[in-house]
Protein chains: 2
Amino acid sequence: MTTESPSQANGATGRRRELLAIAAELFADKGFKNTTVRDIADAAGILSGSLYHHFDSKESMVDEILSSFQAELFAAYDEVLRSDDDARTKIERAVRLSFEAIDRHRHEVAIFQNEADFLGQQERFAYLAERNAQSRDVWITLLEDGLRSGALRADLDVELTYRFIRDTVWVAVRWYRPGGKLTHTDVADQYLTILLDGIAHA
Amino acid sequence: MTTESPSQANGATGRRRELLAIAAELFADKGFKNTTVRDIADAAGILSGSLYHHFDSKESMVDEILSSFQAELFAAYDEVLRSDDDARTKIERAVRLSFEAIDRHRHEVAIFQNEADFLGQQERFAYLAERNAQSRDVWITLLEDGLRSGALRADLDVELTYRFIRDTVWVAVRWYRPGGKLTHTDVADQYLTILLDGIAHA
DNA sequence: TGCCCAACCAAGCAATTGCTTGGTACTGTA
DNA sequence: TACAGTACCAAGCAATTGCTTGGTTGGGCA
């Protein structure tokens, strides 16, 4: 069915990685559906048909991009969850970790942000919805721990707070640029200041 | 050029409004590029070619949807700016006004959120970038007034604070559902609490 | 009764889309 | 030197796309 040899079916080839990186940038900039296989091939300096030597389909490209990124991201979340830091520190770490992910994998984050809803309708991408639920579990756990320990104010709506944090953190991928004036740490510092203590004068 | 009679060229026809509402829902759900004229026509119960009796092109549909919404939204911003409320009240009003816009025009907001970057590249949609700059001006003004008056803490990065607020408010369109358990006022209340005073226990 | 006109249909065209097929150039290995 | 395997090209197909064209329907008005 596939033209890959067994030894390379895991995508370890250098050329595969290159092509996936090129595709990821285009998917992030123009959207998955709005990026053609000819766009990708042009950017790679080959003909569109040649892409099918490396990949089964355009879908399998975005699949590989998203699933490998998600695996890495959730490994990081798990480490925070399992640490013995106090509740507030865990929340801080989870926020910093997310901005760092934007810094290191902006294309992947952007694709997930823009295409998850649409792709998630297909069975092949059902794991996207699962990962979303998993992410929610992480945050709800962290926030409820914060409430219990007294680190967070008691009148918070945990579900809404989770949504606000998630939205603000991940949508930053739209404007954050690695190598720009602000580092991901700068952004995380400022956001944590506002999130924890508010913008109003004390 | 167009098949419209002079008396209906402004889009006041009932049928035009219906078709635009149908198109707006589809554009919001599936994306502009990913919605075909046949999708729109099917949802309206007509054939795709019949759409061109009402509109010049698919682009002119999304143009009409976005430009009329933007006009309404910025009229509301202007009213807040020109009021003689204090800085903190103005910020609160601007936030509430935005959640209310999501409640009343979710399709339009969603389209603007998802397609502005892509559409804005075309000259026809240059006004989207202008509106964006205009919105930034409004918020930067409000925040700087807040700093000057002492309502806001002095160590804020105004530009970053603006981005956090803008992102959190508008991305709520992804999960807020009119008629659901939470009203737009509930959401605004909770967000303003967090934004102004933070989530940490005092 | 005759006419107008908004609203729509039926059919199809040209461009673009994802993908397929059969073949070629080059490289490393036995 | 023969062979295997990677990476690619050249050409094109079937489906889908936005949009066009010429014609039909039915209600309102003089």
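First the proteins, then the strands, lettered A, B, ... as listed; each starts at 1. Because the structure is predicted, anything quoted here is derived from the model rather than measured.
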Distance check needed: [N] [atom2] versus [X] [atom1], whole Å only.
X: A:K30; N: C:dT16; atom1: NZ; atom2: P; value: 13 Å
X: B:K58; N: C:dT16; atom1: NZ; atom2: P; value: 15 Å
X: B:E59; N: D:dT17; atom1: CD; atom2: P; value: 17 Å
X: B:L19; N: C:dA6; atom1: CG; atom2: C1'; value: 13 Å
X: B:L51; N: C:dA6; atom1: CG; atom2: C1'; value: 15 Å
X: B:R17; N: C:dA6; atom1: CZ; atom2: P; value: 18 Å

Tell me every residue that passes side chain to side chain donor-acceptor pair (under 3.5 Å) with [X], counting only those two or more places apart in sequence or in another chain.
X: B:Q121; value: none
X: A:T185; value: none
X: B:H107; value: none
X: B:D155; value: B:R153

Practice task
Determine which pairs satisfy salt bridge (Lys or Arg N to Asp or Glu O under 4.0 Å) with at least one residue from residues 28-41 of chain A, sequence neighbours left out, and list them in order.
Solution key: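 Output for this query lists A:K30-A:D39.
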Handout entry: Results of side-chain contact (heavy atoms from CB on, under 4.5 Å) for A:R88 - residues two or more places apart only
Key =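 Testing A:R88 for side-chain contact (heavy atoms from CB on, under 4.5 Å), a comparison that skips the adjacent residues, returns A:D86, A:E92, A:A151, A:L196, B:A200.
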Handout entry: Those residues that, when tested against A:S83, pass side-chain contact (heavy atoms from CB on, under 4.5 Å) (two or more places apart)
Key =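 For A:S83 the side-chain contact (heavy atoms from CB on, under 4.5 Å) partners, ignoring immediate neighbours, are A:D85, A:K90, A:R93.
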Within less than 4.0 Å of OP1 or OP2 of [N], is there a side-chain N or O belonging to [X]?
X: B:Y52; N: D:dT20; result: no
X: B:H53; N: C:dA7; result: yes
X: B:H54; N: C:dC8; result: yes
X: B:R15; N: C:dC8; result: yes

Problem - From A:L156 atom CG to A:E144 atom CD, the distance as rounded to the nearest 0.5 Å - result: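 Atom-to-atom, A:L156:CG and A:E144:CD are 11.5 Å apart.
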Table please: side-chain donor-acceptor pairs of residues 94-103 of chain B below 3.5 Å, with sequence neighbours left out.
residue, atom, partner, partner atom, Å
B:R96, NH1, B:D189, OD1, 2.8
B:R96, NH2, B:D189, OD1, 3.0
B:S98, OG, B:Y77, OH, 3.2
B:S98, OG, B:A94, O, 2.8
B:E100, OE2, B:R104, NH1, 2.9
B:D103, OD1, B:Y176, OH, 2.5

Any residue in [range] with a heavy atom nearer than 4.0 angstrom to DNA chain D? Just list them by number, or reply none.
range: residues 110-127 of chain B; value: none
range: residues 39-50 of chain B; value: B:S48, B:G49
range: residues 31-38 of chain B; value: B:T35, B:T36, B:V37, B:R38

Please output the side-chain donor-acceptor pairs of residues 109-119 of chain A that fall under 3.5 Å, not counting sequence neighbours, one pair per line with the distance.
residue, atom, partner, partner atom, Å
A:Q113, OE1, B:R174, NH1, 3.3
A:N114, ND2, A:A110, O, 3.1
A:E115, OE2, A:F32, N, 3.0

Handout entry: B:Q122, CD atom: more than 12 neighbouring heavy atoms under 6.0 Å
Key =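 It does: B:Q122 CD has more than 12 such atoms within range.
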